[in-house]
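The structure under discussion appears below in the form of structure tokens.
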Amino acid sequence: MRTLALLFLAALMMGLSSCGGNEQKENKATEATQAVENAAEKTKEAATKAAEEVKEAANEVKEAASEAANEVKEAAQAATGKDGKTLFESNGCVACHKVDQKSIGPSLKEIAAAYQGKEQELIDFLKGKHEAIVDPAQFAVMQPNLEITKKMADEDVKAIADYILSVK
Ligand code: HEC
């Protein structure tokens with residue numbers, strides 16, 4: 001009877017200890033899973049951060065490039081005189097057209113107001129293909145100047161038109 005009780009006790013203890021072992025194993029497995037999950041989370045965060053940094057850097061490069069492109073464009077315009085204002089001044093138009101007051105010809109403000117939203121018509125006028133709309137009675141005074149603008153490259157005429165229309 002004593003031996004039986006001892007055996008029972010031993011069996012019980014084995015059972016208990018093996019049970020505890022399982023629990024430990026399970027705990028370890030949970031810990032490991034959590035560690036893997038944590039690591040994955042950290043990797044994800046790091047990757048997102050890195051991606052954001054790359055994106056920011058790319059934006060900075062893009063901005064710097066477009067700034068540089070603009071500077072090159074401005075420099076090119078200054079060098080070739082393709083800027084409308086420069087063309088307007090270098091071709092003697094300023095002699096009769098002031099920015100905001102009438103002199104021999106109407107002011108640029110007045111011309112710009114008449115041609116607002118009609119850039120193509122302004123270009124056509126300068127190419128001798130459209131009649132005067134601002135002060136037709138004085139057209140004879142303006143007419144000889146069309147010989148200058150008619151000979152200009154399309155982009156130069158457009159530059160002058162852009163400049164006139166930019167005057168507010
Ligand atoms: C000798 C003076 C004189 C010069 C130089 C001159 N203009 Fe004029 N311009 C006039 C007069 C006057 C008018 C008003 C008559 C008219 O509306 O066509 C006029 C009108 C204009 C108009 C308005 C046209 C419209 O629809 O009525 C434009 C645009 C213009 N000039 C551009 C120029 C440009 C560009 C130059 C230089 C290439 C220039 N002008 C040089 C006297 C001049």
Side-chain angles (χ1 to χ4, degrees), residues 29-168:
T30 321
E31 268 171 34
T33 317
Q34 254 169 13
V36 170
E37 273 170 10
N38 282 347
E41 192 63 33
K42 281 208 179 108
T43 311
K44 206 173 134 191
E45 272 169 26
T48 318
K49 215 174 143 203
E52 269 166 22
E53 276 169 11
V54 168
K55 209 169 134 191
E56 264 173 41
N59 273 341
E60 272 167 29
V61 169
K62 212 170 130 190
E63 270 170 32
S66 87
E67 257 174 48
N70 271 342
E71 272 167 33
V72 169
K73 205 172 138 193
E74 273 168 29
Q77 274 183 347
T80 57
K82 290 286 159 63
D83 166 54
K85 187 169 190 277
T86 313
L87 284 169
F88 197 81
E89 285 163 1
S90 63
N91 284 286
C93 318
V94 278
C96 298
H97 295 289
K98 306 271 169 268
V99 172
D100 57 10
Q101 72 190 53
K102 185 177 164 47
S103 55
I104 301 168
S107 69
L108 290 184
K109 242 183 177 170
E110 194 184 340
I111 300 175
Y115 280 98
Q116 219 43 247
K118 300 183 195 166
E119 180 171 30
Q120 192 52 52
E121 281 161 66
L122 179 51
I123 290 173
D124 287 347
F125 171 79
L126 294 172
K127 287 180 173 246
K129 293 189 223 155
H130 196 283
E131 62 200 13
I133 61 169
V134 179
D135 191 359
Q138 294 291 309
F139 178 64
V141 187
M142 174 59 201
Q143 198 171 19
N145 298 286
L146 295 183
E147 293 312 313
I148 304 173
T149 50
K150 273 198 259 182
K151 289 192 194 95
M152 281 182 183
D154 287 358
E155 64 203 76
D156 289 357
V157 177
K158 186 176 186 305
I160 290 184
D162 281 343
Y163 166 61
I164 295 176
L165 292 176
S166 77
V167 177
K168 297 252 154 71

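Everything numeric in this text was worked out from a predicted model, so none of it was measured. Atoms within a ligand are numbered from 1 in the order they appear, just like the ligands themselves. These values consider heavy atoms only, across backbone and side chains, with no hydrogens, waters or symmetry-generated copies.
Remark: Glu131 CD is loosely packed, at most 12 non-hydrogen atoms of other residues, nucleotides or ligands lying under 6.0 Å away. Taking a 6.0 Å sphere around NZ of Lys127, one finds it holds more than 12 heavy atoms contributed by other residues, nucleotides or ligands. Atom NZ of Lys158 is surrounded by 12 or fewer heavy atoms from other residues, nucleotides or ligands within 6.0 Å.
The aromatic rings of His97 and Phe88 lie tilted to each other, with the angle between the two planes from 30° to 60°.
Under 4.0 angstrom from ligand 1, the non-hydrogen atoms of Phe125 all belong to its side chain. The proximity of Ala132 to ligand 1, defined as any non-hydrogen pair under 4.0 Å, involves the side chain as well as the backbone.
In this structure, atom 27 (O) of ligand 1 lies nearest to the protein heavy atom Val134 N, 2.7 Å. Among all non-hydrogen protein atoms, the one lying nearest atom 12 (C) of ligand 1 is Ile104 O, 3.5 Å. Tyr115 OH, 2.4 Å is the protein heavy atom nearest to atom 26 (O) of ligand 1.
Each of the atoms 38 (C) of ligand 1 lies under 4.0 Å from some heavy atom of Thr149. Those atoms of ligand 1 that come under 4.0 Å of a heavy atom in Leu122, given as number and element, are 29 (C). Here is the list of ligand 1 atoms found below 4.0 Å of a heavy atom in Gly92: 5 (C).
Note that CD1 of Ile164 is 7.5 Å distant from SG of Cys93, once rounded to the nearest 0.5 Å. With values rounded to the nearest 0.5 angstrom, Asp156 atom CG is found 11.0 Å from Thr149 atom OG1. With rounding to the nearest 0.5 angstrom, the CD atom of Glu155 is 9.5 Å from the CG atom of Leu87. For the atom pair Leu146 CG and Lys151 NZ, the distance stands at 11.0 Å (nearest 0.5 Å).
Within the structure, the closest approach of Ile148 to ligand 1 does not fall below 4.0 Å when heavy atoms are considered.
Across the listed options Ile133, Ile123, Leu126, Asp135, Asp135 owns the non-hydrogen atom lying nearest to atom 16 (C) of ligand 1.
Only protein N, O or S atoms were scored, and 2 of them lie under 2.8 Å from atom 8 (Fe) of ligand 1.
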Using distance only, find each side-chain donor-acceptor pair of residues 36-62 under 3.5 Å and give its atom names and separation, not counting sequence neighbours.
from	atom 1	to	atom 2	distance (Å)
Thr43	OG1	Ala39	O	2.6
Thr48	OG1	Lys44	O	2.6

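For Lys129 (side chain) and Phe125 (main-chain N/O), no donor-acceptor pair under 3.5 Å exists by modelled atom type.
Each of Asp162, Asp154, Val157 was evaluated against Ile123; a single residue qualifies, Val157, per the side-chain contact (heavy atoms from CB on, under 4.5 Å) test.
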